[in-house]
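Taking it in order: structure first as structure tokens, then the write-up.
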Number of protein chains: 2
Amino acid sequence: MREIKLSQSEPKRKLLDAAEQLFAERGFEAVSVRDVTQLAKANVAAVNYHFGSREGMIALVISRYVTPIHEERIARLDALEKKWPGKVVPLEELIDAFVRPLAGTVRKSDLSEQLFCKLVGRIFSLQGEALPPAVEEQMKVSIDRFMKAFAKALPTVPSEELIWRTHFMAGGVIHMLLNQEMLHRLSGGASGTPTMEGILARFIRFAAAGLREGVEVEPTPKKGPQATFDF
Amino acid sequence: MREIKLSQSEPKRKLLDAAEQLFAERGFEAVSVRDVTQLAKANVAAVNYHFGSREGMIALVISRYVTPIHEERIARLDALEKKWPGKVVPLEELIDAFVRPLAGTVRKSDLSEQLFCKLVGRIFSLQGEALPPAVEEQMKVSIDRFMKAFAKALPTVPSEELIWRTHFMAGGVIHMLLNQEMLHRLSGGASGTPTMEGILARFIRFAAAGLREGVEVEPTPKKGPQATFDF
DNA sequence: GTCTATAAAGTGATAGAC
DNA sequence: GTCTATCACTTTATAGAC
């Protein structure tokens, strides 16, 4: 449960908080340095003083989000592999570990859960060049480790197939993080107003079924020995 | 099989083509009027003359893509319901009809398939305000009709659950359309280089399994009467 | 229809006073 | 560290000549 805030001077923190909020609401491209300093009630020059440039500020906001998410994912995966020593980690628990750190239920910034999710969604839907290389590297490391775990949980799914399925899965989360209100609007309210916890549960069922497609399920021993505790 | 181009003056078409290409490559926000006129070898004032404003141009590009996609979806759904009169349309065929018109395999603009997909992905990941109301209305109509068809194909899935599952599904396609190259890079080439047709087949299997999750499957009569022709 | 010229506002960044 | 003033551009949009 690390804090998302690093130790930083008060005005710098204020700038970052303002930037986060605006980026979440409007996207990175649509926010100017002046928008940020105005909301933070700081001087126009403050951004360049503290971050070197607008790009530096964006990169810092991004890494301030991605790094803890990355670490949380890895920590959860480590914990799962400890919890199921030598055994295969159940697919649903893997997906949970992969997805939950994105959803703002673990560590909250000052943003509301909704804005947190939107910002995470925007970050994870950034295209190549827009992503700082160090951040892309972190994403890659997470993905590599989870891909191996997924492959172990689904040994009969060919690896190329599995890559595409996890890609589809990732798209599902990102879209969910970004477009909750639009779903509400498009569905005329019929999507209800579930909590993030409820949405995650739905997503995990959906994704697990998609990832597992075509895999023979053992003849449903509704109370197998490995299912008796802890999940 | 309508053509994507409406009858338009030559310079206007050139502007639209240039705009499409740049929007696909960089996203709407990152393209200026001058970028477009420069690529189209037209005058700076041409955009405002032909489209009234930058926003007008963007709206036209968007509707030039969304409208045929919408019509294609509806036409395909109509055809399916005609093909399975009184019966339930198989889920896989519904997903195909919903997704294929997005993937550039039906009608191509002058853009390469890859750029076409990217532009479609960008359009369908636009947030509320950025989307012209008429366009959002078309999307809504498609979605409504398909939601009803999905509900018929999956009568035991509660409607709120189904809405979320189709939302996750939509995210999967959009992400796939936008991030093919990134997948290739992140996976170190292990995603292979399948054709769009191959990717669609993979996606349909994945999405169908996710949508169907928890639905009792009839005891696999591997050659039921309704499965003997046409699919 | 196409062009030049220009308006009016906004952009990121910085020098230099305090 | 904070501020003002300003530079050097770029942006969309338009008026008016051709």
Side-chain angles (χ1 to χ4, degrees), chain A residues 5-64 119 122-123 126-127 129-133 135, chain B residues 5-64 122-123 126-127 129-132 135:
Chain A
K5 302 284 182 296
L6 311 171
S7 65
Q8 262 147 7
S9 65
E10 187 61 14
K12 193 170 177 180
R13 241 204 58 250
K14 266 184 152 173
L15 285 169
L16 281 171
D17 289 344
E20 277 178 11
Q21 184 188 323
L22 292 172
F23 290 153
E25 287 169 357
R26 310 182 198 168
F28 296 101
E29 304 246 29
V31 176
S32 74
V33 169
R34 296 172 137 84
D35 293 332
V36 174
T37 54
Q38 193 174 339
L39 180 62
K41 283 170 195 148
N43 190 271
V44 228
V47 162
N48 286 284
Y49 175 77
H50 286 289
F51 310 110
S53 70
R54 179 180 177 274
E55 293 310 309
M57 176 177 65
I58 293 179
L60 190 55
V61 168
I62 291 177
S63 71
R64 206 164 66 133
L119 185 50
R122 289 194 196 276
I123 292 171
L126 283 178
Q127 307 269 343
E129 338 83 77
L131 215 53
V135 168
Chain B
K5 303 281 184 296
L6 313 171
S7 66
Q8 262 147 6
S9 65
E10 188 61 14
K12 193 170 178 183
R13 242 204 58 249
K14 266 184 154 173
L15 285 170
L16 281 171
D17 288 345
E20 278 178 12
Q21 184 188 325
L22 293 172
F23 290 152
E25 286 169 356
R26 309 181 197 167
F28 295 101
E29 305 247 30
V31 176
S32 72
V33 170
R34 297 172 128 84
D35 293 333
V36 174
T37 53
Q38 194 173 341
L39 181 62
K41 283 169 196 148
N43 189 271
V44 227
V47 162
N48 286 284
Y49 175 77
H50 286 290
F51 310 111
S53 70
R54 179 179 179 276
E55 293 310 309
M57 176 177 66
I58 293 179
L60 190 54
V61 168
I62 291 177
S63 71
R64 206 164 65 134
R122 289 194 196 275
I123 291 171
L126 283 179
Q127 308 268 343
E129 339 83 80
L131 215 52
V135 168

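By convention in this document, chain letters (A, B, ...) are assigned in the order of the sequence lines, proteins followed by strands, and residues within each chain are numbered from 1.
Interface residues of residues 45-58 of chain A facing DNA chain C, ordered by number: Ala45(A), Asn48(A), Ser53(A), Arg54(A); criterion, heavy-atom separation under 4.0 Å.
Screening residues 37-59 of chain B for ring-ring contact (aromatic ring centres under 6.0 Å, His included), with sequence neighbours left out, gives no hits. Listed by first and then second residue, the salt bridge (Lys or Arg N to Asp or Glu O under 4.0 Å) pairs that reach into residues 32-53 of chain A are Arg26(A)-Asp35(A), sequence neighbours excluded.
With a heavy-atom cut-off of 4.0 Å to chain A, the contacted part of DNA chain C has its first and last nucleotide at dT11(C) to dT14(C).
Taking the salt bridge (Lys or Arg N to Asp or Glu O under 4.0 Å) definition, one finds that Glu129(B) meets it with nothing, sequence neighbours left out. With sequence neighbours excluded, no residue satisfies side-chain contact (heavy atoms from CB on, under 4.5 Å) with Gln38(A).
Rounding to whole angstrom units, CD of residue Glu29(B) and C1' of dT10(D) are separated by 16 Å.
With contacts defined as side-chain heavy-atom distances shorter than 4.5 Å, the pair Arg13(B)/Leu16(B) does not qualify. Under the 4.5 Å side-chain criterion, counting only non-hydrogen atoms from C-beta, Leu126(B) is not in contact with Val135(B). Between Arg122(A) and Phe23(A) there is no side-chain heavy-atom pair separated by less than 4.5 Å.
Of the two residues contacting DNA chain D, namely Ala42(A) and Arg34(A), the nearest-nucleotide position lying further toward the 5' end is that of Ala42(A).
Ion pair Arg64(A)/Asp17(A) flagged as a salt bridge, since at least one NZ, NE, NH1 or NH2 atom sits closer than 4.0 Å to an Asp/Glu carboxylate oxygen.
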